[in-house]
Amino acid sequence: MFNSILMGFNAIFEPMNLLAVLGGVISGMTIGALPGLSATMGAALIVPFTFFMAPIPAIAMLSALYCGATYGGSISAILVNTPGTPAAAVTTLDGYELSKQGHAGKALGTAVIASGLGGLFSVVVLIFVAPQVAEMALQFADPEYFSLAIFGVSMVANISSGNELKNMIGGLLGIFLATVGMDALTGFHRFTFGFSSLTSGVNFIPVMIGLFAFAEILRQAQTHIETTTSTEISGLLPSFSELWPLKWSMLRSAVIGTFVGILPAEGGTVASFIGYNEAKRWSKDSDKFGTGLLEGVAAPETANNAATGGAMVPTLTLGIPGSSTTAVILGGLMIQGLRPGPLLFATQPKFVYSIFVAMGLANLLFLVIGLGGAKIFANVTKIPVYILNPIVLVLCIIGSYSLGNNVADVWIMIVAGVIGFVIKKVGFSPAPIVLGLVLGGLIETSFRRAMSIYDSNFLVFFTRPFSAIFLVLALLSISWPFIHKTIKHRRESKS
Amino acid sequence: MIIMKKNPTLIAAIAFIIVCLLLFGATFSIRVSGEQGNRLGPRFFPRLILGLIILFNAVLAYQSYRYPEEQKEVEKIPEDRRKRFIGTTILGVLTGVAFTILGGFTTIFLFVFAFLIVWKQRDLKVLILTPIFITLGAYLLFYELLSVRMPKGFIDALFL
């Protein structure tokens with residue numbers, strides 16, 4: 001392992017790769033700081049252009065963007081009370097309060113230090129845990145992959161509470177979309193309706209760009225646009241005596257964030273909420289949370305950045321995205337012709353470890369840039385939407401087109417955007433659709449191959465231990481929101 | 001219309017069921033070979049998924065019909081924002097059409113200009129300079145640096 005890490009260091013410290021990481025961090029911080037542009041949307045916009053790059057700088061840039069954007073979300077959360085990314089929503093509670101009290105600098109300084117430490121912690125876990133998971137996954141065959149992918153999709157039920165059924169429908173819709181095009185096993189066309197451009201299937205990159213970016217612009221077209229007025233920043237660094245008492249809170253959040261990140265489909269948003277709640281529960285000043293406590297900034301920021309490394313564990317080792325952003329990174333890997341999974345560790349150790357190193361470096365870089373250039377990034381929040389949105393839309397169009405120099409992909413992006421907007425209006429989330437689309441192919445082919453190998457014996461999914469465990473977990477994951485709701489209703493009616 | 005506003009989930013669930021039934025019908029046109037046939041051939045999996053989507057949507061429709069008070073109403077959008085939304089959607093569609101006819105960069109220039117108009121930008125400097133800078137930036141980044149070959153159309157072909 002030590003040799004592989006060294007190999008990763010050598011690869012990443014090549015000038016072009018360093019530049020890719022730096023570019024990823026800066027663009028991530030900028031995207032994250034802009035309210036309305038999430039890390040997923042940023043990655044979806046950038047991923048088509050990684051097609052023109054070598055695998056290491058391409059994925060290093062996307063991973064760095066992921067880390068940078070997750071931190072960047074806290075900048076606007078603290079300065080303008082609008083989270084730049086959903087994962088920074090809870091940071092507004094104490095961050096903005098601190099800003100109002102004239103401590104915006106301290107809040108930003110705490111956020112960047114907590115984010116950096118959380119991210120670094122998760123990268124260390126990633127380096128040690130991912131190879132073990134990959135080794136275990138080497139024993140997996142088609143039944144296990146089918147059950148695992150089902151578990152991955154089942155986790156989407158919990159993406160947003162109250163919409164479990166809608167999330168499951170979204171996940172199934174994504175799986176259905178993955179069946180469009182030529183059948184991988186027989187070569188027969190399905191649902192192409194005479195369009196030759198659909199023969200190779202629905203390309204999920206334009207779908208992602210449409211669902212996350214174009215749909216967001218349409219949503220913004222319907223919302224009131226406020227002129228952003230940013231708070232002045234003074235006194236950036238919190239003192240050592242202010243930071244030291246936060247050490248246990250940050251460590252707890254780092255562990256929570258990494259663990260939540262490892263769970264398929266759970267990401268920084270869930271991690272930050274749990275991190276904040278746990279910090280509040282354990283704190284002696286729990287009643288002061290929400291009034292402007294540094295701990296209220298440190299806990300969620302450590303957790304959401306710790307989720308980045310955690311989310312890369314299932315993505316790289318099993319090919320199951322740990323969050324919606326890693327679903328996009330998975331798309332980036334596929335564009336490069338790399339199939340994420342245990343074999344990636346055996347066949348491409350240099351690539352895998354350089355991504356680990358790139359993520360560690362990205363966390364260090366945004367720590368330095370965040371502390372040095374907080375004032376510059378604070379100005380990013382002032383970019384007017386009428387300038388920003390056409391730029392995003394131009395990126396949507398060129399990004400979709402450049403994948404295969406195909407106008408049909410631009411149409412897919414536009415249609416996905418309009419559908420994404422409409423379904424969001426009625427309470428559906430786009431993330432399950434993307435996850436279903438990414439995993440759909442794996443689910444179908446592994447299911448049909450398993451059926452063909454094991455003489456159509458459905459019991460094979462339950463008699464193989466790992467497969468059975470994943471299916472039980474999937475069942476628990478799907479039924480948990482409903483069980484939880486029933487228990488809650490009963491408790492309420494009793495009281 | 002009232003149901004659509006008051007209970008959009010019910011309408012969405014019914015729409016999903018109708019579309020999925022149509023798609024289910026379309027599975028009959030998928031070719032199958034020999035003994036695999038209808039069992040685990042190329043028709044089986046889409047049918048399974050469509051069946052599950054129909055089932056879940058039926059549950060969703062029932063829930064939203066049974067408990068309408070739990071549904072979020074569609075908020076009323078002021079006229080100016082509705083126009084901005086419709087304008088942005090139409091611009092997106094027109095961009096798809098104009099992309100191959102006029103050329104990629106010409107379309108981008110016109111699109112940004114029209115976008116600013118739709119988003120009520122009336123400052124002449126912004127109206128002129130923003131499309132120029134965005135198109136120029138797109139040209140330098142994508143055409144020169146990344147070698148993305150956009151459709152030339154009949155206008156781009158005059159310059160590129």
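Quantities reported herein were computed from a predicted structural model and do not represent experimental measurements. Atom set for the values below is all heavy atoms of this structure, side chains included, hydrogens, waters and symmetry mates excluded. Note on naming: letters A, B, ... go to the chains in the order of the sequence lines (proteins, then strands), and numbering restarts at 1 for each one.
If you measure heavy-atom distances from I53(B) to chain A, the contacts under 4.5 Å come from both the backbone and the side chain. At a 4.5 Å heavy-atom cutoff, the contact between F56(B) and chain A is made by backbone and side-chain atoms alike. Both the backbone and the side chain of L52(B) come within contact range of chain A, judged by heavy atoms closer than 4.5 Å. Contacts of L172(A) with chain B are made by both backbone and side-chain atoms, with heavy-atom separations under 4.5 Å. Both the backbone and the side chain of L173(A) have a heavy atom closer than 4.5 Å to some heavy atom of chain B. For a residue to count as touching a neighbouring chain, one of its non-hydrogen atoms must lie under 4.5 Å from one of that chain's; by this rule T89(B) touches chain A with backbone and side chain alike. For F52(A), the part lying near chain B is the side chain, with the backbone staying farther off; criterion is any non-hydrogen pair under 4.5 Å.
M150(B) CE to I397(A) CD1: the interatomic distance, rounded to the nearest 0.5 Å, is 8.0 Å. For the atom pair CD1 of I49(B) and CD1 of I175(A), the computed distance is 4.5 Å after rounding to the nearest 0.5 Å. With values rounded to the nearest 0.5 angstrom, N389(A) atom CG is found 4.5 Å from F115(B) atom CZ.
Contact count versus chain B (heavy atoms, under 4.5 Å) is highest, among F51(A), F428(A), F191(A), for F191(A). Highest contact tally toward chain A, considering only T27(B), L48(B), L55(B), N57(B), is held by N57(B) [criterion: heavy-atom pairs under 4.5 Å]. Note: Q121(B) leads R149(B), K83(B), Q121(B) in heavy-atom pairs under 4.5 Å with chain A. No other option in T100(B), V112(B), T135(B), I134(B) has as many heavy-atom pairs under 4.5 Å with chain A as I134(B). Note on G87(B), P131(B), G104(B), P46(B): by heavy-atom pairs under 4.5 Å with chain A, the leading option is P46(B). Top candidate by heavy-atom pairs under 4.5 Å with chain A, chosen from V59(B), T107(B), T130(B), V93(B), is V93(B).
The two residues V394(A) and A138(B) have their closest heavy-atom pair at CG1-CB, 4.3 Å. Pairing each heavy atom of T9(B) with each of K166(A), the nearest pair is OG1-NZ, 3.2 Å. Scanning all heavy atoms of the two residues, the minimum distance from W411(A) to V97(B) falls at CZ2-N, 3.5 Å. Closest approach of I30(B) and H189(A) over heavy atoms only: CG2-O, 3.8 Å. Closest approach of I414(A) and G92(B) over heavy atoms only: CD1-O, 3.0 Å. R84(B) and Q220(A) get closest at one heavy-atom pair: NH2-O, 3.6 Å.
Inter-residue side-chain proximity for I108(B) and I398(A) is flagged as met; some heavy-atom pair is nearer than 4.5 Å. Side chains of I387(A) and W119(B) form no contact here, defined as non-hydrogen atoms less than 4.5 Å apart.
Within the structure, the ring-ring contact (aromatic ring centres under 6.0 Å, His included) test picks out the following pairs touching residues 384-408 of chain A (sequence neighbours left out): Y401(A)-F99(B). For residues 172-184 of chain A, the salt bridge (Lys or Arg N to Asp or Glu O under 4.0 Å) pairs, not counting sequence neighbours, are D183(A)-R190(A), D183(A)-R448(A).
At a heavy-atom separation below 4.5 angstrom, chain A is approached by A12(B), F16(B), L23(B) within residues 12-24 of chain B.
With hydrogens and angles disregarded, no donor-acceptor distance shorter than 3.5 Å links the side chain of R31(B) to the backbone of F188(A).
Residues that satisfy the side chain to side chain contact (heavy atoms under 4.5 Å, CB included) test with K120(B), not counting sequence neighbours, are D80(B), R122(B).
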